[in-house]
Peer 1: 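Pasting in a structure now, in structure tokens, and then I'll have a few things to ask.
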Amino acid sequence: MVKTMNYEVTLFTGHLAFASTFNAVYIKLVGTKGKSKRTHLLSLEPSFFKGGVSRFNVSCPTSLGKLVLIELDKQIYFFKDSWYPAKAEVKSPEEETYHFPIYQWITDSEVHYFREGRALLIFEDDSNLFGGYSRQQELKQRQKIFHSADCRLTALQTLESLTCLSPRWDVYEKGVPHCIKADSLDSLPYDVHFSVTKTAEMRYTAVTGLLELELIELAECKSSWTRISDISHLLSAHRTQVLDFVQKHWKEDSFFGYQFLNGVNPTLIRCCRALPENFPVTGDMLSLYGQHSLADEMKNGNIFLCDYKLLDGVQSNTIKGKKQYLMAPLILLQKTPDGRLMPIAIQLKQKPAKDNPIFVPTDSETDWLMAKIFVRSADFNFFEVNAHLLRTHLLAEVFTVSVLRNLPMVHPLYKLLIPHTRYTLNINFLARQLLISKTGVLTRFAASGGKGVVTILQKALSSLTYSSLCIPDDIAERGLNDVPNFYYRDDGLKLWEIIHRFVKEILSYYYKTDDDVQKDCELQKWIQDIYEHGFLSQASTGIPQKFTTVAEMVKFVTMVIFTCSAQHSAVNSGQYDFGAWMPNSPVTLQLPPPTKKGKTSEKQMLDTFPSINTTVHGMAVMWLLSKQSSDSVFLGQYPQEHFTEEFPLQKIKYFQEELKNLSAEIKARNESLDLPYTYLDPEMVENSVSI
Ligand code: FE2
């Protein structure tokens with residue numbers, strides 16, 4: 001009797017809608033001593049159904065040695081379908097269990113290769129001995145998956161003819177980070193699409209937002225507001241604790257100052273040691289808090305500046321034939337002896353002039369309030385395009401595309417970063433199509449809509465620095481280490497430290513020396529692609545062009561994870577909270593700012609506000625962009641088990657514990673606050689830019 005070696009194969013199908021297949025699945029096991037036959041996985045039990053676990057035996061005449069790879073293919077049996085295998089486990093006759101992460105849709109009938117879970121760098125990988133598989137071949141196959149979804153691909157094109165292609169870069173506009181080449185949402189592969197659940201919940205249209213907020217009947221109402229109290233009727237469908245607070249306190253100086261620290265845009269404020277030349281504030285104009293002079297207060301680090309110079313010269317929108325107004329203000333703030341941050345002077349345009357007064361809190365109530373309203377509207381446009389779109393969404397897309405182009409699944413950095421890229425290509429495609437395209441909502445209703453958005457993106461990218469993306473450096477450079485009640489900084493720095501520790505432990509396990517970093521050509525291609533296509537080869541940004549040391553790589557990868565998770569949450573999740581009460585965040589303004597003091601009135605303020613339909617469209621966008629999906633994955637949760645080794649799994653557990661402790665700490669702190677700061681609570685932070 002011939003003795004056979006039996007391998008027990010367990011295949012897990014993912015828990016996603018339409019993940020099941022009714023077709024025939026074949027497997028080949030590849031080990032260091034040989035390969036099994038391609039084996040049809042047949043069972044009397046129903047197999048390969050959504051969320052299911054299917055078990056089979058594969059027999060071989062001799063031992064295959066250490067298992068290194070499985071080959072899977074799916075052939076049409078009944079009708080064409082797609083299958084989402086999550087992972088495979090194989091128990092060898094030597095009683096060893098091997099894990100194979102998959103987490104990919106198989107839509108065709110080609111052979112797909114999946115490596116055993118141990119992460120390997122290119123120079124320690126002998127996969128070229130495995131016959132049909134090589135790391136390079138895997139990247140080519142990924143390129144093919146991207147392109148086979150592209151409708152321009154013909155059946156005559158072979159894998160070889162596609163080798164010059166890749167998940168390709170595209171230029172959205174000159175001077176803006178490059179994006180994924182995709183002519184339609186369907187031209188992106190299933191693997192980067194929203195789930196069916198998310199698609200259903202995030203019907204991402206302006207109409208959806210209006211319907212959900214019960215504002216659809218106002219969508220065409222072009223009248224101006226006649227009473228400020230009428231605006232509160234818009235909030236009846238969805239109120240939040242923060243929104244209630246905003247509505248109550250939006251006129252107050254201390255809340256105006258608070259928002260530069262803990263609102264949706266904590267990225268602009270900086271300590272002011274010397275006034276900019278174009279902001280000629282003098283001490284005698286001001287009523288400072290406390291006994292010190294302006295010069296002394298600046299010397300003591302108690303004066304702060306918000307300078308929207310990036311908006312200077314940006315062409316403002318024309319909505320329904322009516323010119324809109326977007327200022328580039330300068331705001332001076334003082335840290336008071338009781339720890340508040342109070343605005344003390346506002347100049348709405350960059351160039352000092354007689355018709356560009358410097359407003360102060362002792363001006364008439366409506367003058368001062370109007371000045372603050374112009375600042376808040378400028379802040380909405382600055383924050384949405386720069387802090388949110390550019391510095392989180394577009395950068396996250398660059399990091400994602402570079403992962404897909406350069407790192408095979410077995411690379412430790414692929415395993416570490418792929419969870420932080422979830423849904424990013426899908427949401428950014430939608431953002432380009434539905435927000436900033438010719439018919440997009442921002443184009444139609446925001447002051448910066450149209451040409452303005454592109455100008456802001458170009459100016460912001462050309463002045464972006466690597467240090468401003470790394471929160472410890474950013475806070476220090478802006479001189480904000482000692483500002484009280486700065487929860488974005490407090491929570492953000494703690495999160496950075498936790499992420500940094502995690503990344504360092506994981507990557508130092510795989511890269512033992514700086515030399516390992518230097519000789520990893522896949523890693524070097526990853527950062528080169530980011531430098532070239534994300535930061536357009538601008539050395540002045542300080543973005544690394546290559547990695548020389550483990551420490552450099554760890555810092556950059558920390559920044560990538562922080563940007564995709566924490567930073568996006570900080571600038572994204574509070575949009576409805578802070579913006580739904582329109583006077584606190586007008587998306588545009590319909591009249592120019594006052595050029596003289598003492599001429600404003602409440603009527604003028606109401607006429608300056610966006611019209612009713614613009615207001616409700618703005619609210620609908622903020623609502624959609626702040627919504628959380630029921631299939632969100634939060635920071636540090638890795639339902640896809642790309643790492644299978646003991647060491648990284650232990651580190652993931654420790655990372656999760658640290659995040660849990662921070663979450664408890666933030667919740668305890670928030671209990672004593674009038675306005676809790678929740679956006680960097682790890683339980684609220686998603687792993688990736690997905691909305
Ligand atoms: Fe977002």
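For the numbers below, each heavy atom of this structure counts, side chains included, while hydrogens, waters and symmetry mates do not.
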Peer 1: Could you tell me whether the side chain of R391 and the main chain of T267 form a donor-acceptor pair under 3.5 Å?
Peer 2: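 Answer holds: no.
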Peer 1: Ring centroids only, cut at 6.0 angstrom: are F245 and F255 within range, meaning strictly under it?
Peer 2: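 Yes, they do, as the ring centres are separated by less than 6.0 Å.
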Peer 1: Salt bridge check: are D253 and R340 linked by an N-O gap of less than 4.0 Å?
Peer 2: no
Peer 1: If every non-hydrogen atom of L659 is compared with every non-hydrogen atom of P682, which pair is closest and at what distance?
Peer 2: O-CG, 3.5 Å
Peer 1: Would you call F304 and L332 a side-chain contact if the rule is heavy atoms closer than 4.5 Å?
Peer 2: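 The answer is no, as the side chains (C-beta and beyond) never meet within the 4.5 Å cut-off.
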Peer 1: Under 4.0 Å between a side-chain nitrogen and a carboxylate oxygen: does that hold for E665 and K667?
Peer 2: no
Peer 1: Keeping the roles fixed (side chain from T424, backbone from V689), state whether a donor-acceptor pair exists under 3.5 Å.
Peer 2: yes
Peer 1: With a 6.0 Å cut-off on ring centres, are W225 and F609 close enough?
Peer 2: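 No, ring centres 6.0 Å or more apart.
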Peer 1: For the NZ atom on K222, are there more than 12 heavy atoms of other groups (residues, nucleotides or ligands in this structure) within a distance under 6.0 Å?
Peer 2: yes
Peer 1: Salt bridge or not between D379 and R376? Use side-chain N to carboxylate O under 4.0 Å.
Peer 2: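 Yes, charged N to carboxylate O under 4.0 Å.
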Peer 1: Let me confirm one number: the CH2-CG distance from W526 to L417, rounded to the nearest 0.5 Å.
Peer 2: 5.5 Å
Peer 1: Can you confirm whether L442 sits close enough to L389 that some side-chain heavy atom of one is under 4.5 Å from a side-chain heavy atom of the other?
Peer 2: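 Answer no - side chains too far apart.
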Peer 1: Whether the H249 and E252 side chains hold a donor-acceptor pair (N or O, under 3.5 Å, no angle test) is what I'd like checked.
Peer 2: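 Per modelled atom types, H249 and E252 side chains form a pair under 3.5 Å.
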Peer 1: Report the residue from T318, L589, V587, T588 that forms a side-chain contact (heavy atoms from CB on, under 4.5 Å) with Q324.
Peer 2: T588
Peer 1: Could you tell me which non-hydrogen atom of S463 sits nearest to which non-hydrogen atom of L310, and how far apart they are?
Peer 2: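 Distance-wise, the nearest heavy atoms are OG-CD1, 4.0 Å.
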Peer 1: Is it true that D474 and R270 have a side-chain N and a carboxylate O under 4.0 angstrom from each other?
Peer 2: no
Peer 1: Test I456 against L311 for side chain to side chain contact (heavy atoms under 4.5 Å, CB included), laying out the working first.
Peer 2: CA-CA 7 Å; I456 297 171; L311 298 180; 3.6 Å; yes
Peer 1: Between R422 and Q640, do the side chains contain a donor N or O and an acceptor N or O under 3.5 Å apart?
Peer 2: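 No, R422 and Q640 have no side-chain donor paired with an acceptor closer than 3.5 Å.
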Peer 1: Could you walk me through whether S467 and E477 satisfy the side chain to side chain donor-acceptor pair (under 3.5 Å) test, starting with their C-alpha distance in whole Å, then the side-chain angles of each, then the deciding distance to 0.1 Å, before giving a yes or no?
Peer 2: CA-CA 8 Å; S467 56; E477 272 181 11; 2.9 Å; yes
Peer 1: Looking at every non-hydrogen atom in both residues, tell me the closest pair between T615 and P610 and how far apart they are.
Peer 2: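 Heavy-atom minimum between the residues: OG1-O, 3.3 Å.
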Peer 1: Any side-chain heavy-atom pair from K555 and C470 closer than 4.5 angstrom?
Peer 2: yes
Peer 1: Hey, is the main chain of T392 close enough, under 3.5 Å, to the side chain of Q567 for a donor-acceptor pair?
Peer 2: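 Not a single qualifying donor-acceptor pair exists.
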Peer 1: Strictly distance-based, threshold 3.5 Å: is any side-chain N or O of S402 a donor or acceptor partner for the main-chain N or O of F399?
Peer 2: no
Peer 1: Measure up the H533 and W169 rings against each other and bin them: parallel (under 30°), tilted (30 to 60°), perpendicular (over 60°).
Peer 2: parallel
Peer 1: Can you name the residues that form a ring pair (Phe, Tyr, Trp, His ring centres under 6.0 Å) with F256, not counting sequence neighbours?
Peer 2: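 Result, ring pair (Phe, Tyr, Trp, His ring centres under 6.0 Å) vs F256: F260.
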Peer 1: Using modelled atom types only, decide if a donor and an acceptor are shared between the side chain of N381 and the backbone of S448 within a distance under 3.5 Å.
Peer 2: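 Checking the backbone N and O of S448 against the side chain of N381, a donor-acceptor pair under 3.5 Å is found.
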Peer 1: With rounding to the nearest 0.5 Å, note down the distance linking NE2 in H617 to CG in L218.
Peer 2: 9.5 Å
Peer 1: Give a yes or no answer on whether the side chain of S690 reaches the backbone of E686 with a donor-acceptor pair at less than 3.5 Å.
Peer 2: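 Pair absent, no side-chain N/O of S690 close to backbone of E686.
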Peer 1: State, yes or no, whether a side-chain contact exists between T608 and Q590 at a heavy-atom distance under 4.5 Å.
Peer 2: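 Side-chain contact under 4.5 Å: no.
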Peer 1: If we ignore angles and hydrogens, is there a donor and acceptor under 3.5 Å between the side chains of N613 and E220?
Peer 2: no
Peer 1: Kindly say whether Q538 contributes a backbone atom to a donor-acceptor pair with the side chain of T541 at under 3.5 angstrom?
Peer 2: yes
Peer 1: I'd like to know if the side chain of N426 and the backbone of F194 have a donor-acceptor N/O pair within less than 3.5 Å.
Peer 2: yes
Peer 1: If every non-hydrogen atom of K627 is compared with every non-hydrogen atom of I691, which pair is closest and at what distance?
Peer 2: O-CG1, 3.7 Å
Peer 1: Using ring centroids (six-membered ring only for Trp), state whether H420 and Y638 fall under 6.0 Å.
Peer 2: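 So the answer is yes for these two rings.
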Peer 1: Quick one, L407 and I418 - any side-chain contact, counting heavy atoms below 4.5 Å?
Peer 2: no
Peer 1: To the nearest 0.5 angstrom, please state how far the CG atom of L635 sits from the CD1 atom of I561.
Peer 2: 8.5 Å
Peer 1: Compute whether any side-chain donor of one residue and acceptor of the other, for Q350 and D307, lie under 3.5 angstrom apart.
Peer 2: yes
Peer 1: Distance alone, cut at 3.5 Å: any donor-acceptor contact between the side chains of N584 and Q247?
Peer 2: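 Distance-only check fails for N584 and Q247.
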Peer 1: Verify the neighbour count for atom NZ of K309: are there more than 12 heavy atoms of other residues, nucleotides or ligands below 6.0 Å?
Peer 2: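 No, NZ of K309 has 12 or fewer neighbouring heavy atoms, counting only those of other groups under 6.0 Å.
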Peer 1: Please confirm whether the backbone N or O of S195 pairs with a side-chain atom of D631, one donor and one acceptor, at under 3.5 Å?
Peer 2: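 No; zero donor-acceptor contacts below 3.5 Å.
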Peer 1: Just verifying a value: how many Å separate I471 CD1 and S468 OG, rounded to the nearest 0.5 Å?
Peer 2: 11.0 Å
Peer 1: Taking all heavy atoms of P472 and all of L493, pick out the closest pair and write down the distance.
Peer 2: CA-CD2, 3.6 Å
Peer 1: Using 0.5 Å steps for rounding, measure from the OG1 atom of T443 to the CG atom of L435.
Peer 2: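 If we round to the nearest 0.5 Å, T443:OG1 and L435:CG are 8.0 Å apart.
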Peer 1: Evaluate the side chain to side chain contact (heavy atoms under 4.5 Å, CB included) criterion for residues Q575 and V621: first the C-alpha distance (whole Å), next the side-chain angles of each, then the deciding distance (0.1 Å), finally the verdict.
Peer 2: CA-CA 9 Å; Q575 290 183 84; V621 170; 5.9 Å; no
Peer 1: For L348 versus P593, what's the shortest heavy-atom pair and its separation?
Peer 2: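 For L348 and P593, the tightest heavy-atom pair comes out as CD1-CB, 3.6 Å.
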Peer 1: In terms of ring plane angle, is the pair Y679 and Y677 parallel, tilted or perpendicular, where the classes change at 30° and 60°?
Peer 2: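 Rings of Y679 and Y677: perpendicular, as their planes differ by over 60°.
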Peer 1: Could you check if a side-chain atom of C271 sits within less than 4.5 angstrom of a side-chain atom of I303, using non-hydrogen atoms only?
Peer 2: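 They are not in side-chain contact.
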Peer 1: Is the backbone of I475 close enough, under 3.5 Å, to the side chain of R489 for a donor and an acceptor to pair up by distance?
Peer 2: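 The answer is no, because no donor-acceptor pair under 3.5 Å joins these two groups.
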Peer 1: What verdict does the side chain to side chain contact (heavy atoms under 4.5 Å, CB included) test give for V246 and D577, after you've listed the backbone C-alpha separation in whole Å, the side-chain angles of each residue and the deciding distance to 0.1 Å?
Peer 2: CA-CA 8 Å; V246 172; D577 283 343; 5.9 Å; no
Peer 1: Given side chains that start at C-beta, do those of R432 and L394 come closer than 4.5 Å, heavy atoms only?
Peer 2: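 With C-beta onward as the side chain, the pair touches.
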Peer 1: Not counting sequence neighbours, list each pair that qualifies as a ring pair (Phe, Tyr, Trp, His ring centres under 6.0 Å) and has a residue in residues 451-483.
Peer 2: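 Residue pairs passing ring pair (Phe, Tyr, Trp, His ring centres under 6.0 Å), neighbours aside: Y466-F556.
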Peer 1: Take Y172 and C179 through the test side chain to side chain contact (heavy atoms under 4.5 Å, CB included) and record every step on the way to the result.
Peer 2: CA-CA 7 Å; Y172 177 71; C179 57; 4.1 Å; yes
Peer 1: Answer yes or no: is there an ion pair linking K248 with D244, defined by an N-O contact shorter than 4.0 Å?
Peer 2: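 No, no charged N to carboxylate O under 4.0 Å.
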Peer 1: Would you call W581 and S232 a side-chain contact if the rule is heavy atoms closer than 4.5 Å?
Peer 2: yes
Peer 1: How long is the span from the CD1 atom in I530 to the CG atom in L395, to the nearest 0.5 Å?
Peer 2: 9.5 Å
Peer 1: Any chance the side chains of H388 and N572 put a donor and an acceptor closer than 3.5 Å?
Peer 2: yes
Peer 1: Specify whether H393 and H568 have parallel, tilted or perpendicular ring planes, treating 30° as the upper limit for parallel and 60° as the lower limit for perpendicular.
Peer 2: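 Ring orientation of H393 relative to H568: perpendicular.
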